[in-house]
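Naming convention: chains lettered A, B, ... in sequence-line order (proteins, then strands); numbering from 1 in each chain.
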Amino acid sequence: MEYNFREVEKKWQAYWAKNKTFKPEEKSTKPKYYVLDMFPYPSGAGLHVGHPLGYIASDIFARYKRLKGFNVLHPMGYDSFGLPAEQYAIQTGQHPEITTKTNIARYREQLDKIGFSFDWDREVRTSNPDYYKWTQWIFIQLFNSWYNPETNKAENISTLIEKFKVQSSKFQVGGVEKKYAELSEKEQSDLLLEHRLAYLSDTMVNWCPQLGTVLANEEVKDGVSERGGYPVERKLMKQWSLRITAYADRLLNDLDGIDWTESIKEAQRNWIGKSEGTSLKFKIENSTSEIEVFTTRPDTVFGVSFVTLAPEHDLVSQITTPAQKTAVDEYITFAKNRSERERMADVKKITGVFTGAFVIHPFTGKQIPIWIGDYVLAGYGTGAVMAVPSHDTRDFAFANHFSIDKKIIITPPTEWDFEKNSYDEKEGKLIDSDFLNGLEVKAAIKKVISVIEEKELGKGKTNFRLRDAIFGRQRYWGEPIPVYYENGIPKVLDEKELPLLLPEVDKYLPTETGEPPLARASSSWRKDGKHEYEYSTMPGWAGSSWYFLRYMDAHNEKEFVSKEAANYWQNVDLYIGGAEHATGHLLYVRFWTKFLNDLGLIPVSEPAKKLINQGMIQGVSNFVYRIGTSNKYVSSGLKKDYDTTPLHVDVNIVNNNVLDIEAFKIWREENKNAEFILEDGKYICGSEVEKMSKSKWNVVSPDVIVEQQGADCLRLYEMFLGPLEQSKPWNTSGISGVSNFIRKLWRLYHNGDALNISEEPATKPELKIVHKTIKKIAHDIENFSFNTSVSSFMICVNELTDLKCNKREILEPLAIIIAPYAPHIAEELWNKLGHTEGVSYAKFPEVNESYLVESAFSYPVSFNGKTRFFQEYDLSLTKEQIEKEVMTLEQTQKYLEGKTPKKIIVVHNKIVNIVI
RNA sequence: GCGGAUGUGGCGUAAUGGCAGCCGCGCCAGACUUAGGAUCUGGUGCCGAGAGGCGUGGGGGUUCGAGUCCCUUCAUCCGCACCA
């Protein structure tokens with residue numbers, strides 16, 4: 001009888017669940033190892049074969065570490081707050097909680113079938129009150145903290161209040177200077193909000209009218225929402241934000257200490273966007289006001305031909321001359337109504353307007369016109385730039401468009417056509433620049449900054465592209481922000497009032513007055529029955545910003561994580577997930593980790609030591625070709641003779657591009673009477689690589705594979721597809737190779753139905769095969785090269801089959817080393833070998849190098865690098881002896897063709913190369 | 001524009017600077033057979049009848065020897081993008 005994977009897999013999955021096999025030890029003397037997957041958002045579509053790719057890899061690693069004697073934490077949970085469940089709720093009226101529960105149940109069922117070694121007792125769901133209680137709690141800590149630049153750490157806001165209370169501190173309020181104690185409660189609150197790490201402020205937000213909510217920068221792609229693809233506009237709104245910018249420098253610097261892929265680190269560096277430069281003030285002519293610009297090229301100050309303000313800049317209305325007022329107002333209206341998408345779409349289109357006002361050049365005293373242009377971003381730097389058209393591409397384009405003068409003040413080291421292009425490089429000598437004349441650019445930058453600082457015109461400054469993270473969403477299905485308002489002052493709840501539960505609402509839509517769905521809650525949903533709660537909820541990434549900590553101590557009702565658990569588990573040793581979270585989740589989780597570390601609540605400042613991004617699994621769509629509007633379909637190879645329409649066909653009724661015609665006829669009612677033009681008696685479908693999606697009929701579900709071939713087969717095949725980090729299309733046709741391998745592995749231990757194990761000692765060649773494989777598998781796993789492992793197992797089993805080897809001494813270690821990859825069959829074989837303890841905690845076999853030592857090597861003998869023949873020599877021979885031996889060979893003489901070799905290279909255990 | 005990644009048979013891929021194509025899929029031939037999506041054996045980079053030649057996106061270089069290292073160029077994918 002063949003290997004019955006259905007029975008065996010079910011049996012061991014039940015065994016692991018019953019025995020809680022994968023529960024880590026509480027008080028362990030073993031070294032710890034924490035393997036984490038990015039937890040999924042449980043969507044209604046269920047898992048497709050792409051989802052488990054990373055989970056399989058991490059599971060192999062976790063299982064390997066257990067075999068290596070580590071106490072392994074390998075948990076799983078659900079990121080269960082989010083938009084899709086809410087959109088579905090809006091459409092159907094069904095509570096998102098119900099949809100979420102159903103989806104989670106489906107996910108769990110699918111995950112269970114694959115045989116993962118998760119400790120399900122630690123499952124977290126971000127939408128569960130006992131979890132989001134602590135998300136709210138962390139929010140309160142953020143609210144109660146400020147970032148002290150002197151200690152370079154977050155501290156309790158009380159230390160700031162102490163500073164403020166010091167006699168000398170004065171605050172400008174409505175034009176009056178007051179001491180802190182003299183401020184009203186509201187004034188104190190407003191002042192502190194400017195420092196709290198969670199704060200309320202008027203902010204330019206990405207507003208998405210269709211979704212009825214604001215979005216974070218990384219939730220907006222190309223000016224439309226990432227989810228749904230709806231237009232996004234800029235809007236000024238009172239919003240909760242998190243002061244992630246306080247951590248910009250640390251988020252940047254600490255990247256050097258973590259083992260993450262270079263592409264993710266680089267994406268984060270770009271996103272943080274540190275740039276060092278200087279601020280510089282320009283006095284406005286006939287005014288007491290000044291315009292402060294930020295520039296990274298203060299050396300070009302003598303080349304300034306105009307100053308540009310962002311349309312939203314505060315001074316715009318103040319400085320515009322009456323003559324220019326109409327034009328400026330028109331332009332501002334234009335710029336305001338232009339959506340982000342439009343603005344980004346025609347970046348090349350130059351727009352702007354002259355204000356009529358001038359600034360005075362700080363060094364030359366000359367008049368310089370002030371322009372407005374939307375190429376200057378309000379949110380970056382000071383929202384104002386000094387424009388040097390000859391040495392900045394954007395200023396160059398603007399100056400050309402509006403015919404503004406350009407002044408060359410750097411001589412490039414090579415020929416340069418200043419009519420065609422600006423010269424932006426930081427190389428060359430300064431000219432026409434007063435005290436900077438003759439200096440190289442880099443020296444000029446240093447010099448000019450010192451002069452600027454000396455004259456108090458500005459100072460050296462660092463800017464970041466990173467913005468504070470907008471933390472409120474005008475949506476229902478998220479964590480309520482634990483804030484209430486008393487006389488218009490935002491106050492956080494007391495810890496003992498948590499969790500602030502999501503209230504019931506009649507509809508999941510904004511109110512008629514445009515307030516978020518939570519405003520629909522009954523009037524009894526009030527703090528102490530009277531104060532309104534905040535109506536925004538937290539964004540989707542709130543719960544995922546700290547979940548790795550909760551797994552360490554998932555049921556703690558007193559703390560978000562206990563000191564003991566946090567000290568033992570530290571942080572994630574191996575984190576596996578998709579690269580799409582590069583600047584979202586992976587930045588926020590680093591931020592929260594640093595914050596919690598500052599407060600002394602956890603011992604680590606980074607969430608994950610090592611991060612691996614698994615590649616995307618794309619779908620391979622299949623097409624049938626319908627002739628015109630008929631019900632007749634022509635096979636792919638013959639389609640050029642007809643006028644056809646390609647139609648997606650369900651890939652599950654296509655095998656190696658051959659259509660199952662009977663299945664096609666019942667797939668859709670209208671296909672019942674379909675006719676076909678075949679080639680070689682088959683209908684061949686066309687194919688194309690596309691994103692795996694329902695609408696393209698190319699979704700392959702892991703359930704189907706597990707049902708037909710087994711979980712071990714799915715696991716091995718997903719790994720066999722190629723390097724983990726590489727994206728690749730899913731093609732089920734190759735799976736038979738892996739399926740055959742599993743059967744072959746089974747047969748190695750059996751003779752017919754019966755187990756057939758020999759107790760005889762193994763021979764040297766047999767030992768060599770298995771030890772070579774042990775060494776290779778350990779090396780592969782430690783290097784995350786799972787695809788090559790599968791091929792090594794195949795080689796090993798093929799070789800042992802050839803030798804008809806069924807010796808315990810060989811087959812026992814084989815069962816252990818394959819267990820991380822194919823745990824079900826490994827458990828079964830291990831059990832049949834007579835072990836009562838499962839294979840999950842067996843000891844990974846040690847490599848005995850002595851079995852791998854060869855006594856001789858068959859040297860390829862090459863002439864000018866071309867291999868001509870092989871000659872075996874004992875490895876004890878020296879290079880000189882081999883050289884001598886080779887020269888005596890008849891073959892050598894033949895290829896020498898009577899010539900004398902110029903040189904003979906002998907590389908021990910490698911090659912002989914004769915240079916003629 | 002900037003940054004990251006990837007280019008090897010019909011396909012997925014493999015190769016500490018040392019025999020390019022391991023392991024599979026597919027294909028070809030054969031064995032067995034109650035004909036099949038089973039199992040087993042052999043073959044399979046390209047050109048060539050053969051000897052042999054050519055081959056890792058293209059071009060150059062380093063080296064006795066390069067898929068691998070260096071320079072340059074092209075193509076594809078991904079991320080960021082008026083960030084002063």
Please list, for nucleotides 35-40 of chain B, all pairs of protein and nucleotide N/O atoms separated by less than 3.5 Å.
from  : atom 1 : to       : atom 2 : distance (Å)
B/U39 : OP1    : A/Asn740 : OD1    : 2.7
B/U39 : OP1    : A/Arg743 : NH2    : 3.1
B/C40 : OP1    : A/Arg747 : NH1    : 3.3

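- Judged by Watson-Crick or G-U wobble contacts below 3.5 Å, the nucleotide B/U62 has no partner.
- The aromatic rings of A/Phe402 and A/Phe398 lie tilted to each other, with the angle between the two planes from 30° to 60°.
- Of the candidates B/A84, B/C19, B/G3, B/G3 carries the atom nearest the A/Asn270 side chain, counting heavy atoms from C-beta on.
- A/Thr382 and A/Glu292 form no side-chain donor-acceptor contact under 3.5 Å, judged by distance and modelled atom types alone.
- In this structure, A/His581 and A/His585 have perpendicular ring planes: the angle between them is above 60°, well past the 30° mark.
- The separation between A/Gln618 atom CD and B/A5 atom P is 18 Å, rounded to whole Å.
- Both A/Ile264 and A/Ile735 sit near RNA chain B, but only A/Ile264 has its closest nucleotide nearer the 5' end.
- Just one of A/Val293, A/Ile291, A/Val448 meets the side-chain contact (heavy atoms from CB on, under 4.5 Å) condition when paired with A/Leu280; it is A/Val293.
- With a cut-off of 3.5 Å on both pairing distances, the Watson-Crick or G-U wobble partner of B/G45 is B/C54.
- The shortest distance between the side-chain N/O atoms of A/Tyr380 and the OP1/OP2 oxygens of B/A84 is below 4.0 Å.
- Applying the side-chain contact (heavy atoms from CB on, under 4.5 Å) test between A/Arg297 and each of A/Thr278, A/Asp392, A/Val388, A/Val441 identifies A/Val441 as the sole match.
- Side-chain contact check for A/Lys274 and A/Asn463: no donor-acceptor pair (N or O, by modelled atom type) lies under 3.5 Å.
- Between the C1' atom of B/C22 and the NZ atom of A/Lys772 lies a distance of 11 Å, rounded to the nearest Å.
- Proximity note for A/Val907 (side chain, C-beta onward) versus B/C19, B/G26, B/G18: the nearest is B/G18.
- Under the Watson-Crick or G-U wobble criterion, with both distances below 3.5 Å, B/G24 is paired with B/C11.
- Figure legend. B/G30 is base-paired to B/C40; pairs are counted as Watson-Crick or G-U wobble with both atom distances under 3.5 Å.
- Nearest to the side chain of A/Ile905, among B/C19, B/C64, B/G3, sits B/C64.
- Distances shorter than 4.0 Å separate none of the side-chain N or O atoms of A/Gln268 from OP1 or OP2 on B/G3.
- Put simply, the side chain of A/Asn913 and the base of B/C64 share a donor and an acceptor less than 3.5 Å apart.
- In this structure, the CG atom of A/Asn783 is 11 Å from the P atom of B/A15, given to the nearest Å.
- With A/Val385 as the partner, the side-chain contact (heavy atoms from CB on, under 4.5 Å) test is satisfied by one option alone out of A/Val376, A/Leu309, A/Val304: A/Val376.
- The phosphate of B/A81 has OP1 or OP2 within less than 4.0 Å of a side-chain N or O from A/Arg465.
- Each of B/G12, B/C80, B/A84 was ranked by its minimum atom distance to the side chain of A/Phe720; first place goes to B/G12.
- Among the nucleotides B/G12, B/C64, B/A81, the one closest to any side-chain atom of A/Leu721 is B/G12.
- Ring geometry for A/Phe282 against A/His361 counts as perpendicular: the plane angle is over 60°, on a 0 to 90° scale with 30° as the lower cut.
- Each of A/Tyr821, A/Phe786, A/Trp730, A/Phe741 was scored for a ring-ring contact (aromatic ring centres under 6.0 Å, His included) with A/Tyr717, with one residue passing: A/Trp730.
- Residue A/Pro723 has its side chain nearest to B/U13 when only B/C22, B/U13, B/C25 are considered.
- Under the Watson-Crick or G-U wobble criterion, with both distances below 3.5 Å, B/U6 is paired with B/A75.
- Between A/Lys728 and B/G12, a side-chain N or O to OP1/OP2 separation shorter than 4.0 Å is absent.
- Atom-to-atom, CE of A/Met719 to C1' of B/G12 comes out at 14 Å; the value is rounded to the nearest Å.
- For the pair A/Thr351 and A/Ala582, both in contact range of RNA chain B, the more 5′-proximal nearest nucleotide belongs to A/Ala582.
- In this structure, A/Asn787 does not reach the B/G12 phosphate: none of its side-chain N or O atoms is under 4.0 Å from OP1 or OP2.
- Of the candidate nucleotides B/C25, B/A81, B/C22, B/C25 has the atom lying nearest to any side-chain atom of A/Ser733.
- For B/A81, there is no paired nucleotide, since no Watson-Crick or G-U wobble pair has both relevant distances below 3.5 Å.
- Among the nucleotides B/G3, B/A14, B/C82, the one closest to the side chain of A/Glu266 is B/G3.
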